[in-house]
Structures are given as structure tokens and as C-alpha cells.
Amino acid sequence: MTAVPLLWLILIVLALAAVGYVAGRSRAMASAGGNSRALHSLPGYYGYNVALTVLTPAFGLLALWLLIQPVWIDMRVSALLPDSAIADSSTRDLVMSDVRRVAEGLQILGAEGAPDVVDTSFLEGLRDRLGNVGVALGSEIDAAVYRAALSYQDMTRVGTGLMWAAVLLAAVGGFALSYMVTNKDFRARNTVERGILIVLIGAASIAILTTLGIVLSMLFETRNFFADYPWQEFFFGTNWAPDFRGNSELAILPLLWGTLYISLVALIVAVPIGLFAAIYLSEYASNRVRAVAKPAIEILAGIPTIVYGLFALITIGPMLRDYFALPLGLGESSSSVATAGLVMGIMLIPFVSSLSDDIINSVPQSLRDGSYGLGATQSETIRQVVMPAALPGIVGAILLAASRAIGETMIVVLGAGAAAAQFNRGLGELVNPFEAMTTVTVKIVSQLTGDTDFASPETLVAFALGLTLFVITLGLNVLALWIVRRYREQYE
Amino acid sequence: MTDMTASPAEAPRRNGSLLTADDRTRRRNAAERRFRVYGMIAVGLAVLALVFLLTSIIRNGAGAFMQTYITLEVALPEDKLDKSGTRDIEELKKATTFTYSPLIKDALEAKIAEEGIEIEGLSKEGDLISKEAAAQLRNFVLANPEVIGTTREFEFLASGRIDGYYKGRVTMATAELDGNISPEQLMLADALKEAGALETRFNWAFITAPDASENRPEASGLGVAILGSFYMMLIVLVLALPIGVAASIYLEEFAPKNRFTDLIEVNISNLAAVPSIVFGILGLAIFINFAGLPQSAPIVGGLVLTLMTLPTIIIATRASLKAVPPSIREAALGVGASKMQTVFHHVLPLAAPGILTGTIIGLAQALGETAPLLLIGMVAFVREYPAAPPEGFFDPASALPVQVYNWTTRSDPAFVERASGAIIVLLVFLLIMNTLAIILRRRFERRW
């Protein structure tokens with residue numbers, strides 16, 4: 001890696017900025033004749049101004065360069081590779097990754113690894129020597145690959161050199177420029193504050209960039225997927241049977257069925273428990289009970305999902321199988337819809353209860369008092385006054401919980417099984433809660449982990465699944481937030 | 001209930017005393033009690049679920065912190081280990097673990113003879129000792145070539161089944177059915193324990209050692225995973241805290257109400273609800289496939305977790321900025337501070353405890369996150385510790401929750417114990433972080 005020299009460059013720029021601070025500050029003081037009251041701004045601002053003008057262009061340029069250089073060199077070197085260097089079974093991308101690895105190995109070997117004159121015996125030896133320094137290659141090194149690796153290395157070296165020069169130039173240029181303008185009448189504070197504001201805006205925009213990154217990365221790969229695989233089949237087919245040798249059937253419906261069924265079971269568990277717990281804790285519980293029960297339920301929310309997954313795998317799954325599925329003759333798998341649904345339900349209890357708690361508490365006390373005044377009991381008040389008033393909010397909370405359930409991964413990976421629902425086996429098997437059933441998220445994980453080839457539809461389908469998942473959860477969230485917000489305004 | 005919807009005309013007239021309840025009142029009171037009991041049941045179920053979850057994990061995982069060791073006197077003959085007699089490291093390396101394992105077996109047999117242990121039908125006594133032992137012995141000899149030719153005392157890991165025997169996972173009955181262990185071997189283990197050559201004690205290696213392969217669960221540990229998780233938390237802290245605070249300051253203190261800031265707000269609240277696996281896809285597509293960062297590296301995991309943690313930190317920071325009363329700002333502005341100075345010199349320090357608490361809670365969330373890390377290749381089997389930062393950020397590493405997942409996919413039941421043990425470690429870290437957050441809040445929180 002080039003991490004270490006890069007670190008030096010960063011340190012040099014930082015040092016320059018530090019020097020800039022001192023220089024800017026003292027120049028401003030000097031121009032005011034040592035009297036800081038004659039300055040427009042506090043002396044420190046003149047220093048910050050110089051430091052910022054050193055840092056911003058230098059680091060901006062550095063980041064840009066680091067992004068663009070590898071792509072650009074890849075394009076150039078890829079163009080150098082003759083078509084003959086690419087075997088039939090291979091692709092240009094695979095050969096390019098070999099080139100990069102060889103170049104990386106040569107870098108480690110240093111000068112002795114790269115003579116100008118190349119013969120076959122040298123190439124044969126090279127693979128072993130690269131292996132010795134930890135760069136393992138799948139096949140013998142082709143002469144064309146070696147030459148490409150050499151030019152790759154050359155370009156990287158030149159590119160890195162240029163980068164150093166450009167970044168240092170930018171830093172020194174910024175230094176000089178801002179140092180020159182520093183005098184006692186320079187409005188340093190305003191300039192610095194404007195700079196800081198831009199940084200703040202930039203930080204806030206990262207949220208937009210992240211969303212954009214998510215959507216674009218998935219859209220791009222999904223388009224590739226639909227180029228290979230008809231979208232009608234994906235959305236309306238009824239069979240999920242990926243096969244890495246080709247001829248896969250990749251329909252989303254069986255996965256979606258599993259996802260929705262498990263989420264439904266989870267909601268059936270979580271909504272009554274969560275809702276009643278929230279009602280009890282906010283309307284009935286004594287302070288002592290509340291002080292114990294509320295944090296306990298909140299602890300459930302802080303437990304990572306992998307813990308729930310393991311709980312499903314080693315405790316709940318075998319338990320449901322031994323006490324329910326086997327005696328009832330409904331199945332013999334310990335991973336099942338019921339297992340995943342039950343555990344996911346437990347996970348969602350604190351989510352439902354804390355959201356409902358907020359909503360119940362925001363129902364105005366006057367409504368309750370009115371109801372009590374008419375002679376209603378506490379439970380009648382809750383059922384007939386508080387609940388109807390809180391209903392939109394609670395529906396919103398349930399939708400949010402549903403979106404959580406649909407996007408949940410680890411519990412279903414460990415608790416729900418890997419076999420997709422099969423529509424042709426009849427309804428009985430589809431609705432049997434003790435049947436193993438897989439979900440969208442499980443398949444995203446299984447299609448994208450391990451050795452993956454980013455050209456095959458079997459891998460790319462994961463991006464289409466991810467995009468579908470994103471759209472569904474986004475839709476649910478937007479709907480839920482809209483409902484909750486509308487409802488909140490009603491009483492404010 | 002239905003009786004409430006009945007029209008008032010049908011309601012029976014109250015004739016008796018107010019102090020004696022009539023039927024209708026009794027029904028209503030019963031409904032009231034039922035309703036209250038439902039609530040209690042719900043709370044009880046939730047608390048019960050928590051207790052059940054924790055006890056199940058602790059019961060399964062406590063064993064991982066204990067480990068059985070066998071102490072043996074091993075002879076290290078020169079004619080087997082160093083045929084050349086030069087003690088040259090390259091020469092020594094030629095002796096593989098296959099050369100070393102008979103030495104251990106001999107030592108065990110010598111021990112059995114010495115103690116006079118005789119067990120009917122005993123075979124394959126070498127299986128008592130972990131397959132890791134030969135590698136351990138070889139590494140020791142390679143590091144200390146001068147010990148060749150002497151006899152030294154070594155402490156080896158007992159094999160997973162023997163270890164399981166002392167933790168109740170393996171019994172005589174199950175050993176009968178198990179191809180990997182026999183009741184005779186268990187009796188031998190008991191005899192060795194009697195003789196003091198075998199003991200079960202606290203297992204530091206579980207926390208410090210790297211992962212081990214499929215068939216030697218007794219040697220596997222969490223060292224690489226803890227280090228990997230620590231590196232990622234470091235990256236998340238360094239990136240998410242400043243970015244989150246900067247974003248919050250802008251949105252809370254400076255942002256005008258316009259389309260752009262609305263867009264940011266909507267994005268932040270949506271990102272908080274995006275399924276974590278989608279962030280994994282983002283990491284795979286952008287950081288690995290597009291930017292070319294290495295797979296399984298803490299830097300990629302750290303970046304992905306940063307993006308996931310940002311909304312949490314931003315939401316917490318904005319809440320604590322909002323809690324600083326406007327009078328503070330007005331006073332600062334009144335004595336001539338600029339808006340920026342007001343925020344950085346007065347509002348931000350007052351909001352700092354809240355920000356810190358939010359950050360710790362965000363970090364705790366990130367620490368337990370698994371799904372996105374699976375997609376960026378952190379499931380890989382990693383035995384080498386990553387180097388010190390910054391290069392170490394680019395080395396392959398594992399992460400605590402991913403290690404748990406990794407172990408659950410292996411067939412040996414001893415790994416279930418390891419996985420639960422790893423969960424305990426993870427939960428202890430989370431407990432520490434959350435307690436820290438609570439203490440900070442208690443200690444520094446100000447009510448205005």
C-alpha cells in the first residue's frame with residue numbers, strides 16, 4: 001500500500017498549515033504595530049485564515065486525485081493490453097486484476113524484481129518470488145501482463161509524483177496568497193467564518209450523498225441485472241432457484257412471501273405485547289414497577305440483532321421444533337417462520353412500546369379528564385377515548401415496526417432457513433409456520449458473500465433485491481412518518 | 001365493551017345503595033381488572049423474554065471462558081527435529097507438525113505408563129490432545145532452537161470433546177455414539193485429572209487468540225475480532241463525531257428554511273430507517289468495487305458503519321443543541337460575539353455532554369452491527385492480527401459480531417459455546433459503553 005508515504009504528505013500539509021497559522025497571526029500583528037485593537041478581527045482569525053487556505057485546496061486536490069488516478073491508469077493500461085492477452089475463459093477485468101496484483105508484487109520486490117529484458121525463465125521464476133512475498137497468482141504470468149504491470153507501475157509512480165507536486169504547490173500557493181492579503185484591515189473573521197460555514201454545509205450534505213450513493217449503486221447494478229435477466233420473470237415469476245452454472249430462476253415472489261410472512265408473525269407477537277406494555281406502563285404502573293420494567297424493555301432494544309439470531313438458532317428454534325412442530329407433525333426443521341417471527345417479535349417489542357408510549361402520552365390530559373368526569377373507568381377511557389385519538393400514531397408505529405421487520409437480516413439468516421418458498425407445493429406448505437422459509441435479506445447475504453463474480457445474474461440479483469427492499473422500507477417509512485406527523489399536529 | 005354502546009334508555013335504573021355494586025358495575029370493574037392484567041402480562045412477557053434471552057446466552061456461553069489443559073513432559077530428540085545438527089532455522093522448518101505430533105503422543109503414553117493408568121479397550125489416546133498442540137510445539141521450538149535435545153514441560157489444549165466433557169456438553173452416553181471420542185478416552189481423561197496432569201481453568205486465550213480452523217474449536221479465540229472491531233470503532237469515532245456535529249450545528253443553528261435543508265432533513269430521517277443490509281450493499285458497490293479498497297478491511301467496515309451511525313449522532317446532537325436555552329445565545333450575541341463564535345464558544349460546550357452520550361450510544365449500535373459487514377467480506381477466515389494503524393486499517397480483520405456468525409456456521413457443537421461466549425464479550429462491551437453514557441448523562445446533564 002501507498003499509505004505510509006501518503007501519510008507523510010498529509011503531515012507535511014498539516015505542518016505547513018500550522019506554520020501558516022503562526023505566520024498569518026504575526027503578520028497581522030505586525031501590520032497593526034503590535035496593537036491588536038487596530039485589527040479588524042481577533043489576531044487568531046488571521047492565522048486560521050492562512051491555515052484554512054493551505055488545507056482546503058491541498059486536501060481537496062488530494063482527495064480528487066486519489067479518486068481519479070486509479071480509474072484513469074486502469075483505463076490507460078487496459079487499452080495497452082492486446083486482445084490476445086485475454087484468454088477465452090477470462091475477461092478483461094480479470095486480467096486487469098492480475099496486472100494490478102503483479103504490479104503490487106513488483107513494488108514489494110523492489111528494483112531487483114523488474115529487469116528490462118524479459119525472457120520466459122524470468123517470468124516463471126517471478127510467480128514463485130511473488131508468492132514468497134505474499135502475492136499469490138492463479139496462473140502463470142503472461143508476457144503481456146508483465147509489460148502491462150510494468151507500465152502500470154510506471155504510471156502509478158509518475159502519477160504519485162505529480163500528485164505530491166500538485167498538492168504541495170496548492171498548499172504553498174494557498175499559503176502565499178493568504179499571507180499576502182493579510183493586513184490589519186483584512187476582514188479575516190468573516191472570511192474564516194464563511195469557510196467554516198461551507199464545511200458545515202458540506203458535512204450536512206453527506207446525508208444526501210449517502211442516499212444518492214445507495215440509490216445509484218443499486219440502480220446501476222440492477223440495470224446490469226435486467227440486461228441479463230428479464231424483469232417480468234424477476235417480478236412475476238414464481239420460482240427461486242439460483243444456479244451458478246446458468247439457467248437460474250430468480251423470481252422475487254417466493255422471497256417476498258417469506259419476508260412478509262415472517263414479518264407478520266413478528267408483528268402479531270410484538271404489537272399486542274408492545275402496545276399493552278406501553279399502556280400499562282404509562283397509565284397504570286406504580287413508579288417502582290416503571291423504574292424496573294421500562295429500562296428492562298429498553299435493554300431489549302439495545303441488544304444487537306446477532307444476539308437475537310443466535311438465540312433463535314440455539315434456543316427458540318430447537319424448542320419450537322421439539323415441543324410444537326414434531327408433536328403436531330408440522331415439520332422437523334428448527335429454523336422456521338415461527339422461530340424467526342417469534343424472535344423478531346421480541347426484538348420489536350421495545351420499538352412498538354416506546355413509540356406507542358410517546359403517542360399515548362401526547363394525547364391531551366383534558367380528553368382523559370372529560371372521560372373520567374362522565375364516569376368511565378380507566379380501561380374504558382383508554383379503549384374508547386385515548387386509543388381512538390392515538391390510533392393514527394399507533395398505525396404509524398406499526399408501519400415503522402413492519403419496515404424494521406422487513407429489513408431485518410441476522411435473525412432471519414440464523415433462524416428462518418435458506419430454502420425459498422415453493423408455490424407449486426400447495427398452500428399448506430406455504431402457510432405452515434414451522435416450515436423453513438427464506439427472505440429477501442437472507443438471499444442478499446447469500447448471493448453476495450463468498451467468491452462472487454460481478455458479471456453473473458446470480459450475483460447481480462442481490463442488487464435488484466436490495467433496491468426492492470429499499471423501496472419497500474422507504475415507502476413504509478415515508479407513509480408512517482406522514483401519518484405520525486399529521487396526527488401530532490392535530491393536538492399541538 | 002358492548003354494554004357501553006347500549007343506548008341509555010335500556011340502562012337499568014339504580015335502586016339500591018351506592019355502596020353495593022350492582023351487576024353492571026361488577027362487570028365493568030371486572031373488565032377493568034382484566035384490562036389491567038393484560039397489561040401486566042404484556043410487561044411480564046417482555047421482561048421474561050429479556051431474562052430468558054440473557055440466561056440462555058450466558059448458560060450456553062459461560063463454558064467458553066474455561067478451558068481444559070493437559071500438562072506433559074515432552075522429549076525433543078535432536079535426531080528427529082534437527083537432522084543436520086546445525087540449528088539452522090531453515091533446516092528446522094523442514095520438520096512439519098507431522099514430525100511433532102508423535103512426540104506429543106509418546107509423551108502422553110509415557111505419562112500414562114508413569115501414572116500406572118490401565119483402561120480396558122483404550123485406543124487413540126492421542127485424540128485427547130488438541131490438533132493445535134503440534135503446531136504449538138513446533139512454533140516454540142522454532143522460536144527457541146536451543147531446547148532441542150532436552151525434555152521440557154508443556155501445557156497443551158485438550159481436544160474439544162474432552163473439554164466438553166468437563167463442561168457437561170459431552171457425557172459417557174454421547175461419547176458412545178460419537179465417532180470422535182470414546183468412553184475409554186474420557187476415563188483416561190478422568191485418570192489424568194486425578195493425577196494432576198489435566199486441569200480446567202480460566203481461558204485467557206479465548207479473548208486474545210486468533211480464530212482457529214473448523215476442527216479445532218478449543219484453540220479459537222476472539223483476538224483478531226476484538227482488534228478489528230476496535231479499529232472500526234476508532235474510524236467511526238474519528239469520522240462520525242466531527243461530521244455529525246458539524247452537520248447538526250448547520251441544521252440547528254444556521255440552516256435557513258428552504259428546499260435544500262428540507263431535503264437534508266428528509267434524507268437524515270430516512271437514512272436512520274434504511275435496513276442495515278442496504279448499507280452493506282453500498283459499501284460493497286462504492287468502497288470495494290468502485291474505490292478499490294481491500295475486502296475484509298476495517299477501513300471499509302469503519303466507513304460503512306460511519307454512514308450508519310451518522311443519523312443517530314445527528315439526531316442526538318440536534319436534541320442537545322436544541323436543549324441549550326436561547327438566552328445563552330442572546331447573551332453572547334448581546335456582548336458582540338458573532339453567530340459562529342456564539343455557537344462554538346458557548347452553545348457547543350454546553351451541549352457537549354449530550355453529544356458525547358449520543359455518540360457513545362451510536363458507537364454501541366455500530367459495534368453490534370453484523371449484516372453490512374457480511375457483505376464487505378469480513379466473514380473471511382483471518383488468523384493474522386492486523387498491523388498497528390494506520391496500515392492495520394487496510395489489513396484483513398474480523399469483527400466481534402461477524403465472528404459470532406462465523407462460528408454458528410461451523411458444524412462442531414463446541415463452536416456454539418464459543419459463539420455464545422463471544423456474545424457475552426460483546427454484551428459486556430455494550431454494557432460498559434452504555435453505563436459510561438448513563439454516567440456521563442447523570443454527571444454532566446444540566447436542566448435549564
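In the text below, chain A, chain B and the rest are named by the order of the sequence lines, each starting its count at 1.
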### Query
Rounded to the nearest 0.5 Å, how far does CE of Met340(B) lie from CG of Asn190(A)?
10.5 Å

### Task
Would you mind telling me which of Ile249(B), Leu271(B), Leu251(B) has the largest number of heavy-atom pairs within less than 4.5 Å of chain A?
Leu271(B)

### Task
Search all heavy atoms of Val278(B) against all heavy atoms of Gly466(A) and return the closest pair with its distance.
CG2-O, 4.3 Å

### Message
Between Leu275(A), Ile214(A), Val289(A), Ile346(A), who has the most heavy-atom pairs with chain B when the cutoff is under 4.5 Å?
### Response
Ile214(A)

### Message
For the interface with chain A, which of Asn434(B), Val47(B), Ile268(B), Leu307(B) has the highest count of heavy-atom pairs at distances below 4.5 Å?
### Response
Leu307(B)

### Option that, when pairs with chain A are counted at under 4.5 Å, heavy atom only, ranks first among Ile361(B), Thr261(B), Asn60(B), Ile314(B)
Asn60(B)

### Message
Run the side-chain contact (heavy atoms from CB on, under 4.5 Å) test on Tyr250(B) and Leu197(A) for me, step by step, so that the C-alpha distance in whole Å, both residues' side-chain angles and the decisive distance to 0.1 Å come before the verdict.
### Response
CA-CA 8 Å; Tyr250(B) 177 69; Leu197(A) 192 63; 4.1 Å; yes

### Which portion of Thr473(A) sits near chain B, non-hydrogen atoms under 4.5 angstrom
side chain

### Query
With a 4.5 Å limit on heavy-atom distance, are the side chains of Ile303(A) and Leu50(B) in contact?
yes

### Query
Counting N and O atoms only, with roles assigned by atom type, does the side chain of Glu32(B) sit under 3.5 Å from a partner on the main chain of Gln378(A), one being a donor and the other an acceptor?
yes

### Task
State the CE-CD1 distance between Met218(A) and Ile286(B), to the nearest 0.5 angstrom.
10.5 Å

### Query
Closest heavy-atom contact between Leu310(A) and Ser420(B)?
CD2-OG, 3.6 Å

### Query
Where on Leu53(B) is there a heavy atom nearer than 4.5 Å to chain A: the side chain, the backbone, both, or neither?
both

### Message
Show the nearest heavy-atom pair for residues Arg383(A) and Ala31(B), with the distance to one decimal.
### Response
NH2-CB, 4.4 Å

### Summary
Turns out that what part of Tyr38(B) lies under 4.5 Å from chain A's heavy atoms comes down to both

### Task
Could you check which of Ile196(A), Val343(A), Val199(A), Thr305(A) has the highest count of heavy-atom pairs closer than 4.5 Å to chain B?
Ile196(A)

### Query
Considering only heavy atoms, which portion of Leu374(B) lies under 4.5 Å from any heavy atom of chain A: side chain, backbone, both, or neither?
both

### chain B interface, residue from Val445(A), Val292(A), Ile406(A) that has the most non-hydrogen pairs under 4.5 Å
Val445(A)

### Task
Write down the atom of Leu430(B), the atom of Gly302(A), and the distance for their closest heavy-atom approach.
CD1-O, 4.1 Å

## Note on the structure
Of the listed Pro304(A), Pro272(A), Ser379(A), the one with the largest count of heavy-atom pairs under 4.5 Å with chain B is Ser379(A)

### Derivation and outcome, side-chain contact (heavy atoms from CB on, under 4.5 Å), residues Leu42(A) and Gln341(B)
CA-CA 11 Å; Leu42(A) 289 171; Gln341(B) 286 167 331; 4.0 Å; yes

### Message
Looking at every non-hydrogen atom in both residues, tell me the closest pair between Ser56(B) and Thr315(A) and how far apart they are.
### Response
OG-OG1, 2.7 Å

### Query
With only heavy atoms counted, which part of Arg189(A) is less than 4.5 Å from chain B, the side chain, the backbone, both or neither?
side chain

### Message
Between Val413(A) and chain B, with a heavy-atom cut-off of 4.5 Å, which part of the residue counts as in contact: side chain, backbone, both or neither?
### Response
side chain

### Query
Given that the side chain runs from C-beta out, which part of Phe393(B) has a heavy atom under 4.5 Å from chain A: side chain, backbone, both or neither?
neither

### Query
Between Asn289(B) and chain A, which part of the residue has a heavy atom less than 4.5 Å away: side chain, backbone, both or neither?
side chain

### Query
Under a 4.5 Å heavy-atom cut-off, does chain B meet the side chain of Leu467(A), its backbone, both or neither?
neither

### Side chain, backbone, both or neither of Ala285(A) within contact of chain B (heavy atoms, under 4.5 Å)
neither

#### Entry: Atom OH of Tyr280(A) with >12 non-hydrogen neighbours under 6.0 angstrom
yes

### Summary
In this structure, OG1 of Thr408(B) is separated from CD1 of Ile306(A) (nearest 0.5 Å) by 6.0 Å

### Message
Between Phe260(B) and Ile201(A), is there a side-chain heavy-atom distance shorter than 4.5 Å?
### Response
yes

### Pairwise side-chain contact, Leu45(B) with Phe276(A), heavy-atom cut-off 4.5 Å (strictly under)
no

## Note on the structure
Of the listed Val266(B), Val51(B), Asn267(B), the one with the largest count of heavy-atom pairs under 4.5 Å with chain A is Asn267(B)

### Query
So with a 6.0 Å cut-off around CZ of Phe381(B), is the heavy-atom count from everything else above 12?
yes

#### Entry: Atom pair CG (Leu431(B)) and CD1 (Ile299(A)), whose distance is rounded to the nearest 0.5 Å
8.0 Å

### Query
Can you find a pair of side-chain heavy atoms, one from Asn270(B) and one from Thr211(A), that are under 4.5 Å apart?
no

### Task
Write down the atom of Ala285(B), the atom of Ser217(A), and the distance for their closest heavy-atom approach.
CB-CB, 3.5 Å

### Message
Please identify, among Leu281(A), Val307(A), Leu474(A), Ile349(A), the residue contributing the most non-hydrogen atom pairs under 4.5 Å to chain B.
### Response
Val307(A)

### Message
What's the separation between atom CD1 in Ile208(A) and atom CD in Glu265(B), rounded to the nearest 0.5 Å?
### Response
10.5 Å

### Task
Heavy-atom distances under 4.5 Å only: say whether Met347(A) touches chain B with side chain, backbone, both or neither.
neither

### Query
Heavy-atom distance under 4.5 Å to chain A: side chain of Ile264(B), backbone, both or neither?
both

### Query
Considering only heavy atoms, which portion of Ala364(B) lies under 4.5 Å from any heavy atom of chain A: side chain, backbone, both, or neither?
neither

### Query
If you count heavy-atom pairs under 4.5 Å between each of Pro311(B), Gly368(B), Ser276(B), Ala42(B) and chain A, which one has the most?
Ala42(B)

### Task
Sort Thr409(B) into side chain, backbone, both or neither according to what part of it lies under 4.5 angstrom from a heavy atom of chain A.
neither

### Task
Against chain A, work out which of Asn29(B), Leu54(B), Val274(B), Leu375(B) has the most heavy-atom pairs shorter than 4.5 Å and name it.
Leu375(B)

### Message
Let's go through Phe35(B) and Ile279(A) carefully: what are the C-alpha distance in whole Å and the side-chain angles of both, what is the deciding distance for side-chain contact (heavy atoms from CB on, under 4.5 Å) to 0.1 Å, and is it a yes or a no?
### Response
CA-CA 10 Å; Phe35(B) 193 77; Ile279(A) 291 171; 3.9 Å; yes

### Query
Which bit of Ile243(B) comes within less than 4.5 Å of chain A, counting heavy atoms only: side chain, backbone, both or neither?
both

### Message
Just so I know, are the side chains of Thr441(A) and Pro275(B) near enough to count as touching, which here means a heavy-atom distance under 4.5 Å?
### Response
no

### Message
Taking side chain as everything from C-beta outward and backbone as N, CA, C, O, which of these in Leu216(A) sits under 4.5 Å from a heavy atom of chain B? Side chain, backbone, both or neither.
### Response
neither

### Query
Can you tell which of Leu300(A), Asn477(A), Thr210(A) has the highest number of heavy-atom pairs within less than 4.5 Å of chain B?
Thr210(A)

### From Met410(A) atom CE to Ile277(B) atom CD1, the distance as rounded to the nearest 0.5 Å
8.5 Å

